[in-house]
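For reference, the structure discussed in these notes is given below.
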Amino acid sequence: MTEGIILDGLVLMVVGMSVVFAFLALMIGTMNLCAAFFIRFAHLFPDAPVKTAQPASKADDCTAIAVAIAAIKARIG
Amino acid sequence: MTEGIILDGLVLMVVGMSVVFAFLALMIGTMNLCAAFFIRFAHLFPDAPVKTAQPASKADDCTAIAVAIAAIKARIG
Amino acid sequence: MTEGIILDGLVLMVVGMSVVFAFLALMIGTMNLCAAFFIRFAHLFPDAPVKTAQPASKADDCTAIAVAIAAIKARIG
Amino acid sequence: MNILESFKSLWIDTGVAGFLATGGWGNLIMIVVGLILIWLAIKKGFEPLLLIPIGFGGILANIPGAGIAHEGGFLYIIYNMGIASGLFPLLIFLGVGAMTDFGPLIANPKTALLGGAAQLGIFATLIGALLLSKYVPAIGFDLKDAASIGIIGGADGPTAIFLASRLSPDLLGSIAVAAYSYMALVPIIQPPIMRALTTPAERMIEMKQLRHVSKTEKIIFPILVLILCILLLPSATPLIGMLMFGNLLKESGVVDRLSNTAQNELINIVTILLGLAVGSKLAAEKFLTIETIGIVLLGLAAFCVGTAGGVLLAKLMNKLSKDQINPLIGSAGVSAVPMAARVSNKIGLESNPNNFLLMHAMGPNVAGVIGSAVAAGVLLALCR
Amino acid sequence: MNILESFKSLWIDTGVAGFLATGGWGNLIMIVVGLILIWLAIKKGFEPLLLIPIGFGGILANIPGAGIAHEGGFLYIIYNMGIASGLFPLLIFLGVGAMTDFGPLIANPKTALLGGAAQLGIFATLIGALLLSKYVPAIGFDLKDAASIGIIGGADGPTAIFLASRLSPDLLGSIAVAAYSYMALVPIIQPPIMRALTTPAERMIEMKQLRHVSKTEKIIFPILVLILCILLLPSATPLIGMLMFGNLLKESGVVDRLSNTAQNELINIVTILLGLAVGSKLAAEKFLTIETIGIVLLGLAAFCVGTAGGVLLAKLMNKLSKDQINPLIGSAGVSAVPMAARVSNKIGLESNPNNFLLMHAMGPNVAGVIGSAVAAGVLLALCR
Amino acid sequence: MNILESFKSLWIDTGVAGFLATGGWGNLIMIVVGLILIWLAIKKGFEPLLLIPIGFGGILANIPGAGIAHEGGFLYIIYNMGIASGLFPLLIFLGVGAMTDFGPLIANPKTALLGGAAQLGIFATLIGALLLSKYVPAIGFDLKDAASIGIIGGADGPTAIFLASRLSPDLLGSIAVAAYSYMALVPIIQPPIMRALTTPAERMIEMKQLRHVSKTEKIIFPILVLILCILLLPSATPLIGMLMFGNLLKESGVVDRLSNTAQNELINIVTILLGLAVGSKLAAEKFLTIETIGIVLLGLAAFCVGTAGGVLLAKLMNKLSKDQINPLIGSAGVSAVPMAARVSNKIGLESNPNNFLLMHAMGPNVAGVIGSAVAAGVLLALCR
Ligand code: NA
Ligand code: NA
Ligand code: NA
């Protein structure tokens with residue numbers, strides 16, 4: 001039986017390493033696809049940080065108090 | 001029975017909106033009383049931020065270390 | 001019986017105060033030993049703040065990004 | 001254990017196999033839904049603080065075989081710890097209270113009524129839900145479900161989550177998603193209604209400067225509201241109580257370290273966990289139903305009716321009261337703080353470039369939060 | 001469901017109806033008590049960080065019908081999570097440890113004895129409580145209650161809450177309120193006693209400058225105290241252990257991010273929840289009794305005896321030791337950090353304008369924290 | 001109750017008596033072990049953020065009679081709340097994700113394979129553990145124990161704690177201590193292996209500048225990895241999911257307040273509690289065994305094999321791929337972020353003073369975190 005358990009260990013090693021490599025290989029593949037896509041269409045994705053509605057609309061705030069309140073629900077809801 | 005449940009909905013609407021308005025109306029009333037009171041006796045409530053004992057007594061602190069320690073229990077207890 | 005409980009209180013007082021003083025006395029004793037030791041060998045304990053490995057090794061960081069990442073596992077994981 | 005068996009058992013556990021198994025397609029769709037929520041949050045700025053965690057929680061909850069949202073799973077544990085117990089929404093209300101300035105409401109109390117009128121959306125939607133379940137065979141909302149759907153009209157996240165978690169937890173996911181999505185859409189939903197119900201002349205009305213509010217009044221306000229709530233509607237005191245506790249921490253001026261923690265670290269930590277836990281309720285079998293479509297439509301109706309209610313009462317008050325009221329501030333009564341108030345300000349500026357309504361709209365706006373908490377209290381008291 | 005019935009059922013649930021119901025007046029009074037605590041905290045600066053949450057929790061706990069402090073209510077949940085388990089007071093001790101500088105004690109170890117003498121208040125009060133319950137028929141404190149009341153004399157919040165939650169949870173509310181109130185009153189309670197027990201000459205004594213304490217000594221101190229506590233009194237190690245763990249985080253100098261979080265966000269979050277949970281123990285039926293009056297009087301006695309004990313031992317030590325000790329620093333032994341040390345400093349300055357006792361008083365002051373934790377350990381060990 | 005009896009009962013409870021009682025010596029040794037861990041953390045800078053709390057927790061857990069780590073004790077409560085439930089390691093992974101920049105990996109994807117090869121240490125050690133328990137009578141590790149020991153080779157704290165708490169909680173203490181200690185020793189363990197397996201020529205290889213990675217790619221990456229994990233290995237999704245959730249919070253750029261809290265206050269609070277709870281598993285009867293020596297030796301082997309695996313694959317890839325790869329970055333695949341990457345950089349600079357490998361090594365380094373989480377998923381799926 002202890003034989004058996006050592007074998008189990010070997011099985012785990014084979015299976016485990018294969019899964020790890022399979023996972024990472026697939027990850028690399030998709031990342032390369034992504035990369036290719038983004039390098040090809042880079043112009044479509046200006047690197048400006050994404051904006052949320054609220055900082056945008058913060059423009060029309062006009063008093064200090066408003067800014068204070070702006071923190072509320074828009075942030076948390 | 002489904003008739004009944006729709007009626008229940010109408011009942012909830014009537015009761016609910018009345019309670020909401022009653023609550024807010026009472027709130028407005030008491031707020032107006034408050035306001036009247038405070039506008040009348042404004043001079044009694046100087047708008048200086050309320051002080052706690054410890055900032056007050058911080059006066060007699062004389063070393064940096066004391067300030068550090070002052071944070072302790074007086075803050076939390 | 002209520003007599004008994006008052007006596008219990010007195011016992012607690014005697015025992016309690018003795019333990020409190022015993023504890024603090026021992027504490028004072030060990031602290032004095034420590035102090036004696038440290039005053040004797042002060043030169044062995046330069047008062048420089050203790051350093052951890054990572055700030056030390058931060059030296060060989062060469063890009064902003066590295067500093068950002070430096071925060072990770074070395075800190076937590 | 002042998003290699004083939006092991007690979008086979010791993011294969012059976014894979015998501016691929018899971019999605020192909022019976023019912024698996026549902027999980028797949030829900031994961032896509034979660035991704036859409038995340039996309040809306042990041043690219044369209046839809047309430048990202050809530051919709052990113054909710055969307056992510058929805059994805060995690062629908063991973064076949066992982067059981068993250070089932071007994072023993074960590075989202076299940078977080079849900080029971082914070083939402084089934086009611087703690088998370090209440091702690092968020094604590095932080096919201098510590099962030100809220102009731103000054104504009106104290107300065108012009110009567111605008112609070114607008115925060116009441118806007119709650120019409122809640123009850124109208126409740127009836128709508130009951131009618132739907134009567135006439136649409138595929139939909140079967142009972143009174144509790146209807147109440148939970150109605151509260152979407154409160155346009156207030158924690159209140160909706162608190163009520164739904166008490167009355168119909170199964171709908172919590174879709175209700176929270178609808179509530180937060182429509183809050184994000186307020187700038188698109190409200191303006192047409194506001195324009196339709198007001199005349200150019202009304203939209204140009206300038207309101208007189210708000211009076212100064214003293215520190216003492218601001219300290220007394222939360223206590224006063226709490227006392228009123230205790231006297232009239234104890235079932236609303238957990239919500240109103242924590243909101244006012246947070247506000248008292250802020251206004252008292254003597255416990256800034258507690259107030260700051262409540263409105264920053266504490267609310268942030270709770271938001272992350274609350275979002276994930278709400279997402280864990282986006283189970284395919286509950287979400288992928290005609291009922292969800294019903295909830296989405298009803299939620300939209302709720303916002304519209306609430307907006308209309310607020311604007312119409314504002315028109316009426318403008319007729320009756322001695323100093324003028326611009327009806328545009330009525331729509332702010334739906335809460336959705338501070339978005340709705342900003343919308344009032346924006347539409348006001350369109351027709352009168354130097355008419356700043358923001359501060360005037362903040363009154364009904366924060367009153368709307370109180371109003372929907374009160375409405376939730378009534379529903380809790382009568383639908384239990 | 002019909003309109004009249006609904007209004008009636010809502011009316012029955014109102015606080016108004018609740019207060020008019022049998023026993024309701026008690027809740028009403030407790031709510032007033034809560035408001036008074038909040039008023040004292042805000043207007044008089046009575047330990048606001050604790051008394052605002054405690055007062056607010058007391059109000060919420062006494063709302064008729066809301067059941068916020070009963071099984072299923074959120075304060076009930078918070079209480080069990082944090083106080084019944086003992087976690088909250090220990091986490092606060094963690095933060096306190098991270099905020100405390102034991103340097104002045106390390107520089108002048110013998111002053112630690114003053115922190116011992118001041119614990120006399122604990123045990124004297126314990127006996128007082130037993131005498132009261134013997135001679136006042138309306139009062140029935142058993143040994144555990146007496147011990148919990150005595151610990152008020154420790155002038156240390158977390159220790160009092162930790163001990164009372166273990167020995168007599170029903171008295172926790174009144175004990176915590178008494179402890180924090182008297183801590184706030186230290187500047188009023190102590191000076192007369194200090195003046196009465198000292199001669200003008202003694203009050204003018206100047207003490208010699210404290211020696212410099214090295215970083216290494218400060219790192220070793222918490223470990224040394226923990227080891228002593230392990231060897232002598234394991235029952236005190238949860239309290240002493242967490243206090244010293246916090247202090248080690250601070251002094252080690254290598255985990256500042258943990259130390260800062262422990263003394264800021266973590267302690268703030270726990271303080272909010274702890275305060276509310278303690279307040280949830282201010283139930284009318286427990287609080288509105290002759291026993292509470294007893295506790296209030298005994299608490300005052302505890303502070304007075306403790307102060308006297310410290311001062312008298314200081315006088316004695318001044319006689320015996322070679323370098324002089326100003327008896328005014330003895331009163332600081334009651335802990336109530338740092339208020340009591342400030343009082344010593346203040347009274348000292350009165351009789352000698354350039355005699356700064358603050359640093360000298362910090363030694364007994366922090367030793368008092370250790371002393372009361374040790375006393376709590378003895379009571380836990382013998383009263384269980 | 002009388003004085004002598006009381007003193008006697010206190011004496012029986014003292015640590016002194018406890019240490020002298022049967023089995024007491026074990027507790028004493030464990031307390032010394034805890035002190036050594038704290039000393040290593042403070043004086044040698046061994047992962048102080050974890051080893052100080054773990055060491056302190058170990059001391060508290062071994063106080064005779066205090067029962068701090070037994071049912072009802074506060075460390076027992078914290079352990080069940082946060083580790084038995086799996087929450088703490090997952091919340092730490094959330095914070096780690098929010099701190100991690102996957103840019104270098106996205107810029108050079110193929111280096112991810114190195115993060116796979118280094119996981120060889122996990123499985124080799126697993127087999128080693130089984131062999132040990134076969135040939136050493138005093139050691140009896142079952143498959144679950146072996147898997148938990150193997151994961152030390154993952155060189156990743158939260159992953160090790162998460163897996164061990166699921167498969168063999170009794171070994172958690174020693175496994176966590178071994179994992180963190182060897183992570184701290186990476187700068188000593190890896191260099192000789194790296195030098196032995198590489199030629200001077202290889203060590204001098206300069207790699208070409210990494211390309212710029214756009215914001216959008218960084219946002220898509222965590223979602224992509226999560227989807228892959230869902231499709232292939234749901235058992236790893238709690239770990240990978242929270243890691244990627246944290247990273248999404250960071251990269252999305254729209255929820256900075258959540259991201260900041262996740263990587264600061266939240267992770268700090270959890271670290272303090274996690275460390276104490278892990279320490280509570282340092283019970284004498286479990287730790288003072290031959291098995292612990294086995295774990296320590298196996299853990300070292302795990303790091304060595306992992307390092308070798310990474311370096312050897314890097315050599316191979318360098319032969320095969322068109323643009324050169326410096327084998328020194330292979331060792332970074334063991335994770336131990338960012339220490340291992342720094343080591344690669346350091347050794348690289350030795351043989352080529354203007355060859356900065358840090359950024360190139362960060363790719364395998366962060367890939368190693370993903371790799372060990374995947375390995376943990378396989379072990380969870382097959383050893384349950
Ligand atoms: Na509302
Ligand atoms: Na004390
Ligand atoms: Na790894």
Side-chain angles (χ1 to χ4, degrees), chain E residues 81-82 84-91 94-95 98 143 162 166 215-216 219-220 222-223 226-242 244-246 248-249 251-262 264-270 377-378 380-384, chain F residues 1 5-7 9-19 27-28 31-32 34-35 38-39 41-53 55-57 59-60 62-68 72-78 81 261 263-273 275-276:
Chain E
M81 190 177 69
S85 71
L87 285 184
F88 286 167
L90 293 176
L91 289 176
L94 171 75
L143 199 59
F162 186 79
R166 256 116 208 76
K215 189 120 196 53
T216 321
I219 294 176
I220 286 170
I223 293 170
L226 174 64
I227 291 174
L228 262 179
C229 191
I230 291 172
L231 293 175
L232 298 186
L233 196 61
S235 57
T237 47
L239 285 167
I240 296 283
M242 288 304 268
M244 293 305 156
F245 178 45
L248 183 65
L249 291 181
E251 300 299 354
S252 71
V254 294
V255 289
D256 292 344
R257 59 180 292 158
L258 300 188
S259 167
N260 292 333
T261 297
N264 292 296
E265 293 77 21
L266 180 53
I267 201 168
N268 292 343
I269 292 171
V270 172
V378 174
L380 278 171
L382 297 179
C383 300
R384 270 267 175 71
Chain F
M1 203 191 269
E5 277 171 20
S6 307
F7 274 117
S9 80
L10 281 179
W11 163 253
I12 294 163
D13 293 346
T14 56
V16 179
F19 293 136
N27 296 116
L28 190 56
I31 287 173
V32 174
L35 291 172
I38 292 171
W39 176 80
I42 295 177
K43 282 285 167 206
K44 301 290 169 209
F46 273 31
E47 298 280 348
L49 288 150
L50 269 298
L51 289 186
I52 289 179
F56 214 96
I59 295 173
L60 293 178
N62 283 282
I63 300 172
I68 292 175
F74 79 94
L75 285 188
Y76 176 92
I77 292 168
I78 293 175
M81 190 177 71
T261 297
Q263 61 188 279
N264 293 295
E265 293 76 20
L266 180 53
I267 200 167
N268 292 345
I269 292 171
V270 172
T271 302
I272 293 172
L273 299 176
L276 289 172

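In what follows, every chain begins at residue 1, and chains take the letters A, B, ... in the order their sequences are listed. This one's a predicted model, so the numbers in the text were calculated from it and none came from an experiment.
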Self-check item: Minimum heavy-atom distance between E:G241 and F:L60, given as atom pair plus value
Solution: CA-CD2, 4.2 Å
Exercise. Determine the option with the most heavy-atom pairs under 4.5 angstrom with chain E, choosing from F:L75, F:I38, F:N62, F:L276.
Key: F:L276
Exercise. Output the option from F:L35, F:I77, F:L273, F:I272 having the highest count of non-hydrogen pairs under 4.5 Å with chain E.
Key: F:I272
Quiz item: Checking F:F74 against chain E: side chain, backbone, both or neither under 4.5 Å from a heavy atom?
Solution: both
Quiz item: Can you list the steps and then say if F:I42 with E:L248 is a side-chain contact (heavy atoms from CB on, under 4.5 Å)?
Solution: CA-CA 10 Å; F:I42 295 177; E:L248 183 65; 4.0 Å; yes
Practice problem: Among the options F:I63, F:D13, F:I59, F:I68, pick out the one with the most heavy-atom pairs lying under 4.5 Å from chain E. | Solution: F:I63
Quiz item: Does the side chain of E:V254 reach to within under 4.5 Å of the side chain of F:I52, using non-hydrogen atoms?
Solution: yes
Quiz item: When only pairs under 4.5 Å are counted, which of F:G65, F:S9, F:P53 shares the most heavy-atom pairs with chain E?
Solution: F:P53
Quiz item: For the candidates E:T237, E:L249, E:V378, which exhibits the highest count of non-hydrogen atom pairs separated by less than 4.5 Å from chain F?
Solution: E:T237
Self-check item: Which atoms of F:N264 approach chain E - backbone, side chain, both or neither, heavy atom under 4.5 Å
Solution: both
Exercise. With a 4.5 angstrom heavy-atom cut-off, could you sort out which part of F:I269 is near chain E: side chain, backbone, both or neither?
Key: both
Exercise. To the nearest 0.5 Å, tell me how far F:I31 CD1 sits from E:I223 CD1.
Key: 12.5 Å
